[in-house]
Amino acid sequence: MGVKNTNPDKNPRKSFFYYYGIVLLVVFLLNTFLVPSMMGRSVKEVSYDQFLHFVEANQVDMVYQDEEGLMFTVKEGVEKEWGVTAYKTGLWPDASLTDRLLAAGVTFSQEIVTQPSLLSTIFVQWIIPIVLFIAIGQILGRTLQKKMGSMGNPAMTFGKSNAKIYAETETGKTFGDVAGQEEAKEALQEIVDFLHNPQKYAEIGATLPKGALLVGPPGTGKTLLAKAVAGEAHVPFFSISGSEFVEMFVGMGAAKVRDLFKQANEKAPCIVFIDEIDTIGKKRDGGGIGGNDEREQTLNQLLTEMDGFDGKKGVVILAATNRPESLDQALLRPGRFDRRIPVELPDLKGREAILKVHGKEVKLEDSVDFNSVARATSGASGAELANIVNEAALRAVRMGRHLVTQSDLEESVEVVIAGYQRKDASVSQKEKRIVAYHEIGHALVAACQSNSAPVHKITIIPRTSGALGYTMQVEAGERFLMSKEEALNKIATFTGGRAAEEFMFQSITTGASNDIEQATKIARAMVTRYGMSDQFGMVALETVNNQYLGGDTSMVCAPETAKAVDDEVIAIVKEQYQKALGILKSHAAKLNELSEYLLERETITGEEFMEILERE
């Protein structure tokens, strides 16, 4: 069974030089030993009378005698037969020949070096090297193709799927490694059971769902769930990203899809996981040349393959995306991706379970309370929670401790939310004072309203995110609904910082920019999406796009209605701003006392804040 390439060649350039060296060595040996032995002499044997004719005509240039006879060459300009460089005749019959040769000006040589014939020259110098180089090129081509193919070079692997293939035990994940996604695990457990006991389903006539689509925000564990399914089922696991199907040449993506399913059928039962399937599964709109571009061909091939393979063989297709609204409807129909499994952000119980799973990998103090950390991380994904635990461990190392404490975890929450502390920030005392009143304004307005989350921490230490301070509120429990009163309270709390600046300094700063954005966002959602406006009532005036990727919105109303929506939003924010201003004016003494205390300490806890607020 194929497995991942765990030790790819890190220096392919070195391999090329290695093979070039082999070629040069072969050529050197060829010229040194083989060519001379094959270079036969081009010599023609003539009679002694013909030799004398050459002598008498004064055409002989050089003579040489060995034991077999006489070899001679003719002078330049004398016509030679094709390919002949020397002539050979029998032994000398008389001694007078020497005088005759001397008189004719013939040179006596100890040896005559002859050139090869044209035929042997062509054969040795052209045909043999060409054949050898073709043979060497074929060998090197196959070797390099295998080598570059193992490194994932697309130029050498056109039409080949570059999916990572994990053996049965290689994923290393089971459902025990996945926390906070109980509903998703329950939906996938049936697939595992089918792969273990296919006969139980065959007896009743049920077939395995061909595909399951994991849908959710980034970092919620979609890939981890797919690996856990393969680990639980003890079957091979193919993993590939949708972007790996996209090629420069049209048709290559479709070829990779065919190759992937061919491998999957050979190793059935198995699981094929396609991450970020929206890369190749977007809705077809005919935008390509003739509506037949590379992505569309790849999608068409994927649809064909999913229809073509037999579900009873146990090939399960899992796919993940955080943009389900962009997928082609043909992918989502029954018979292809039969199931849509939401993998949402974890709730309070799920966050605590995730923190405990990642907490097993680090050394913790016995007093660590994961529940309080989970309450402070509402809306965090599994990946963010893992990062929080890791940041806490790194902080413990920086502080010279061998165990992670509760303070490390709390600080890591702030690092993930607002960034690291800026120790080199030179904030003037005047600006610190403004920031202190701003943050206490938030906290005081929140504490003086009912149905508002308790204040957990207030700080005026600058952070790398750009915040000069912040107020953290933590709900006592998990909340899934928000009433109109609670929404208005949130807006008032967001405006409390700006209201404190105006009330105490009769001036405003740019520090409330993020507060303004958040307050406006809630007010607009109340009018356009939540039906909390007396003027518009239960009318949807806005749609949410990409709910898992930021949730951008777009208006779906006439321009006149949009103007009326803007007026309503402005009125709501202004009303809550006046409410916050009134709360601060009625608690001016506490506002001053708490701000001075925060200015002195820089960071105070919610308990300290409430103790001073409730003090007579």
Side-chain angles (χ1 to χ4, degrees), residues 372 375-379 410-411 413-414 417-419 421 427 431-463 465-477 479 482 485-505 507-519 522 573 576-616:
S372 65
R375 285 189 287 108
T377 52
S378 178
E410 292 178 353
E411 176 62 25
V413 171
E414 297 180 41
I417 294 174
Q421 294 183 7
V427 182
E431 288 186 334
K432 275 189 178 182
R433 187 178 183 83
I434 294 174
V435 174
Y437 274 91
H438 183 107
E439 298 304 332
I440 292 297
H442 286 308
L444 195 56
V445 171
C448 293
Q449 296 181 112
S450 59
N451 300 319
S452 184
V455 175
H456 179 71
K457 185 177 183 179
I458 311 170
T459 181
I460 58 172
I461 298 175
R463 295 276 172 168
S465 64
L468 297 177
Y470 64 90
T471 299
M472 181 185 293
Q473 293 176 262
V474 177
E475 295 279 0
R479 301 292 298 273
M482 182 172 59
E485 293 73 21
E486 290 171 340
L488 293 173
N489 287 347
K490 279 182 174 289
I491 296 174
T493 300
F494 279 121
T495 63
R498 168 64 66 83
E501 291 182 25
E502 182 181 351
F503 173 56
M504 294 304 303
F505 304 102
S507 178
I508 56 178
T509 68
T510 59
S513 60
N514 184 256
D515 302 332
I516 295 170
E517 182 181 346
Q518 296 298 324
I522 295 175
V573 175
Q576 297 310 306
Y577 181 78
Q578 293 301 320
K579 175 184 175 181
L581 200 57
I583 291 174
L584 294 176
K585 288 180 179 179
S586 61
H587 295 81
K590 290 297 181 182
L591 175 61
N592 284 312
E593 183 181 359
L594 285 164
S595 298
E596 293 298 332
Y597 185 78
L598 176 61
L599 191 60
E600 178 186 351
R601 298 293 185 91
E602 291 192 331
T603 299
I604 62 175
T605 63
E607 290 80 5
E608 292 176 295
F609 170 79
M610 291 305 299
E611 180 186 351
I612 297 174
L613 180 61
E614 295 172 354
R615 187 189 305 162
E616 294 296 335

Between [atom1] of [X] and [atom2] of [Y], what distance do you get to the nearest 0.5 Å?
| X | Y | atom1 | atom2 | answer |
| --- | --- | --- | --- | --- |
| L613 | E593 | CG | CD | 9.0 Å |
| L468 | H438 | CG | NE2 | 9.5 Å |
| I440 | I458 | CD1 | CD1 | 4.0 Å |
| E602 | T459 | CD | OG1 | 7.0 Å |
| I460 | E600 | CD1 | CD | 10.5 Å |
| L584 | L444 | CG | CG | 5.5 Å |

So, does [X] use its side chain to make a donor-acceptor pair with the main chain of [Y] at under 3.5 Å?
| X | Y | answer |
| --- | --- | --- |
| T471 | E439 | yes |
| R498 | T509 | yes |
| K590 | R615 | yes |

*Sequence neighbours excluded, which residues qualify as salt bridge (Lys or Arg N to Asp or Glu O under 4.0 Å) partners of E431?*
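Salt bridge (Lys or Arg N to Asp or Glu O under 4.0 Å) check on E431 returns nothing, list empty.
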Quick one: salt bridge (Lys or Arg N to Asp or Glu O under 4.0 Å) partners of E410, sequence neighbours excluded?
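Salt bridge (Lys or Arg N to Asp or Glu O under 4.0 Å) list for E410, sorted by chain: empty.
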Does the side chain of [Y] come within less than 4.5 Å of [X]'s, by heavy atoms?
| X | Y | value |
| --- | --- | --- |
| K579 | N489 | yes |
| M472 | E414 | yes |
| N592 | Y437 | yes |
| L599 | E596 | yes |

Exercise for review: Answer yes or no: are there more than 12 heavy-atom neighbours, outside K457 itself, under 6.0 Å from its atom NZ?
Suggested key: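 Atom NZ in K457 is packed in, count exceeds 12.
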Practice task
Walk me through it: do V455 and M610 pass the test side chain to side chain contact (heavy atoms under 4.5 Å, CB included)?
Solution key: CA-CA 8 Å; V455 175; M610 291 305 299; 5.7 Å; no
- Run the numbers on S450 and E485 for side chain to side chain contact (heavy atoms under 4.5 Å, CB included), then give the verdict. CA-CA 9 Å; S450 59; E485 293 73 21; over 6 Å; no
| request: Sorted by first residue and then second, give each ring-ring contact (aromatic ring centres under 6.0 Å, His included) pair with at least one member in residues 586-614; sequence neighbours left out. | output: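 Every candidate ring-ring contact (aromatic ring centres under 6.0 Å, His included) pair involving residues 586-614 fails, so no pair, neighbours aside, qualifies.
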Q.
Run H456 and R375 through side chain to side chain contact (heavy atoms under 4.5 Å, CB included) and show every step you take.
A. CA-CA 11 Å; H456 179 71; R375 285 189 287 108; over 6 Å; no
Determine, for E411 against R463, whether the closest basic-nitrogen to carboxylate-oxygen distance falls under 4.0 angstrom.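 Answer for the salt bridge query: yes.
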For F494 and Q576: C-alpha separation, side-chain torsions, deciding distance, then whether side chain to side chain contact (heavy atoms under 4.5 Å, CB included) applies.
CA-CA 9 Å; F494 279 121; Q576 297 310 306; over 6 Å; no
**Distance-only donor-acceptor check, side chains Q449 and T493, under 3.5 Å** =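 Present: a donor and an acceptor within the cut-off.
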